[in-house]
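Just so you know, ligand 1 is whichever comes first in the structure, and atom 1 is the first atom listed for that ligand.
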Amino acid sequence: MIELAPSILAADFAHLADQVEQAAAGGGSVLHIDIMDGHFVPNLTIGPPVVKSLRQATRLPLDCHLMIENPDEFIAEFAEAGADWISVHQEACRHLNRTLNLIKQHNCLAGVVINPATPVETLGEVLDIVDYVLVMSVNPGFGGQKFIPETLHKIRKLAKIRAERGYGYRIEVDGGVGMDTVADVVRAGAEILVAGNAVFGKGDAKANAEALLAAARSASLQKV
Ligand code: DX5
Ligand code: ZN
């Protein structure tokens with residue numbers, strides 16, 4: 001099932017609840033929250049207090065994408081703040097199996113993320129335990145970057161491995177997803193589509209979300 005995960009990074013933070021409501025009205029069904037620490041990525045964003053406020057403001061599942069070093073130190077806090085899904089970068093985890101199990105122990109869905117330069121093969125030993133895999137289609141740190149088409153083959157590979165081995169993870173894609181790229185990511189096999197600027201950048205978030213989802217669903221019907 002195709003789902004749209006609006007990324008609040010591109011929203012107007014002074015009117016966050018309103019913006020989220022509009023994106024949800026347009027069909028957004030998962031709220032993507034980018035957590036950056038200024039170390040793992042060259043940018044700073046938000047922490048557990050904002051997640052806690054969003055928990056009160058929306059019924060959408062909260063998908064916390066941790067772009068931070070030492071994620072183990074913060075997983076409990078994000079879970080307590082109301083995160084439903086927590087993903088960590090393969091590149092940030094020295095003990096990836098332990099970190100993913102820690103997320104599960106806090107009753108959240110556990111996701112693993114790979115940067116554009118990180119091969120799918122580095123996930124071989126955790127694909128059986130993750131709930132979702134997030135393929136970065138830009139280098140993380142900023143919204144509004146250009147989609148990197150060379151990442152598409154990793155989405156295809158993850159879909160193939162899942163079918164061959166009978167795994168249950170879902171495939172999420174993040175970065176530069178918009179009207180011009182959404183068909184390609186869906187045809188490659190992505191199911192959870194993160195979009196920041198394409199939803200909140202300009203115009204009406206509800207209409208933008210509707211248009212993006214319609215394009216995604218029609219591409220998924222064309223899939224063979
Ligand atoms: C980038 C973030 C993305 C970002 C995507 O590091 O992980 O979630 O918000 O923004 P767009 O959709 O504008 O590329
Ligand atoms: Zn993200």
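- Taking the Zn ion (ligand 2) as reference, D174 places its N/O/S atom OD2 nearest.
- In this structure a side-chain-to-backbone donor-acceptor pair under 3.5 Å is present from Q145 to N139.
- Residues K202 and N197 are not in side-chain contact: their nearest non-hydrogen atoms beyond the backbone lie 4.5 Å or more apart.
- Residue contacts with ligand 1: V194 is placed with no nitrogen or oxygen under 3.5 Å of a nitrogen or oxygen of the ligand (distance criterion only).
- With respect to the Zn ion (ligand 2), H65 has ND1 as its nearest N, O or S atom.
- At a heavy-atom distance under 4.0 Å, only side-chain atoms of S7, from C-beta outward, approach ligand 1.
- Listed by number with element, the atoms of ligand 1 under 4.0 Å from a non-hydrogen atom of M136 are 7 (O).
- For D34, the N, O or S atom closest to the Zn ion (ligand 2) goes by the atom name OD1.
- Listed by number with element, the atoms of ligand 1 under 4.0 Å from a non-hydrogen atom of M67 are 6 (O), 7 (O).
- Given atom 12 (O) of ligand 1, the protein heavy atom at minimum distance is G196 N, 2.8 Å.
- For the residue pair N208 / D204, no side-chain donor-acceptor distance below 3.5 Å is found, with atom types taken as modelled.
- Side-chain N or O atoms of K146 include none that pairs as donor or acceptor with a backbone N or O of V138 at under 3.5 Å.
- Looking at atom 4 (C) of ligand 1, its nearest protein heavy atom turns out to be D34 OD2, 3.7 Å.
- Counting non-hydrogen atoms of other residues, nucleotides and ligands closer than 6.0 Å to CD of E91 gives a total above 12.
- Considering backbone and side-chain atoms alike, A198 places every N or O at 3.5 Å or more from each N or O of ligand 1.
- Residue K104 places its NZ atom among more than 12 non-hydrogen atoms of other residues, nucleotides or ligands, all under 6.0 Å distant.
- For atom 6 (O) of ligand 1, the nearest non-hydrogen atom of the protein is G141 N, 2.8 Å.
- Atom numbering of ligand 1 starts at 1 in the shown order; those under 4.0 Å from a heavy atom of P140 are 6 (O).
- Against a heavy-atom cut-off of under 4.0 Å, G175 is close to the following atoms of ligand 1: 14 (O).
- Of the candidates N43, V138, D174, D174 brings a heavy atom nearest to atom 7 (O) of ligand 1.
- In this structure a side-chain-to-backbone donor-acceptor pair under 3.5 Å is missing from Y167 to L158.
- In this structure the side chain of D63 never reaches within 4.5 angstrom of the side chain of L31, judged on heavy atoms.
- Within ligand 1, counting atoms from 1 as listed, the ones closer than 4.0 Å to a heavy atom of G144 are 10 (O), 11 (P), 13 (O), 14 (O).
- If you check which protein heavy atom lies closest to atom 14 (O) of ligand 1, you get G176 N, 2.8 Å.
- Short contacts between ligand 1 and A195, defined as distances under 4.0 Å to a heavy atom of the residue, involve ligand atoms 12 (O).
- Classification of D84 and R55 as a salt-bridged pair holds, one side-chain N sitting under 4.0 Å from a carboxylate O.
- At a threshold of 4.0 Å, the pair K52-E80 does not count as salt-bridged, since none of the basic side-chain nitrogens sits closer than that to a carboxylate oxygen.
- Within ligand 1, counting atoms from 1 as listed, the ones closer than 4.0 Å to a heavy atom of G143 are 10 (O), 13 (O).
- Of the possible donor and acceptor atoms, none in the side chain of D34 sits under 3.5 Å from a partner among the backbone N and O of T45.
- Side chain of D174 to backbone of M136: no donor-acceptor contact under 3.5 angstrom is found.
- The shortest N or O to N or O distance between N197 and ligand 1 is below 3.5 Å.
- Within 6.0 Å of the NE2 atom in H153, the count of heavy atoms belonging to other residues, nucleotides or ligands exceeds 12.
- Ligand 1 places these atoms under 4.0 Å from at least one heavy atom of M36: 6 (O).
- With hydrogens left out, the protein atom closest to atom 1 (C) of ligand 1 is F142 O, 3.5 Å, a heavy atom.
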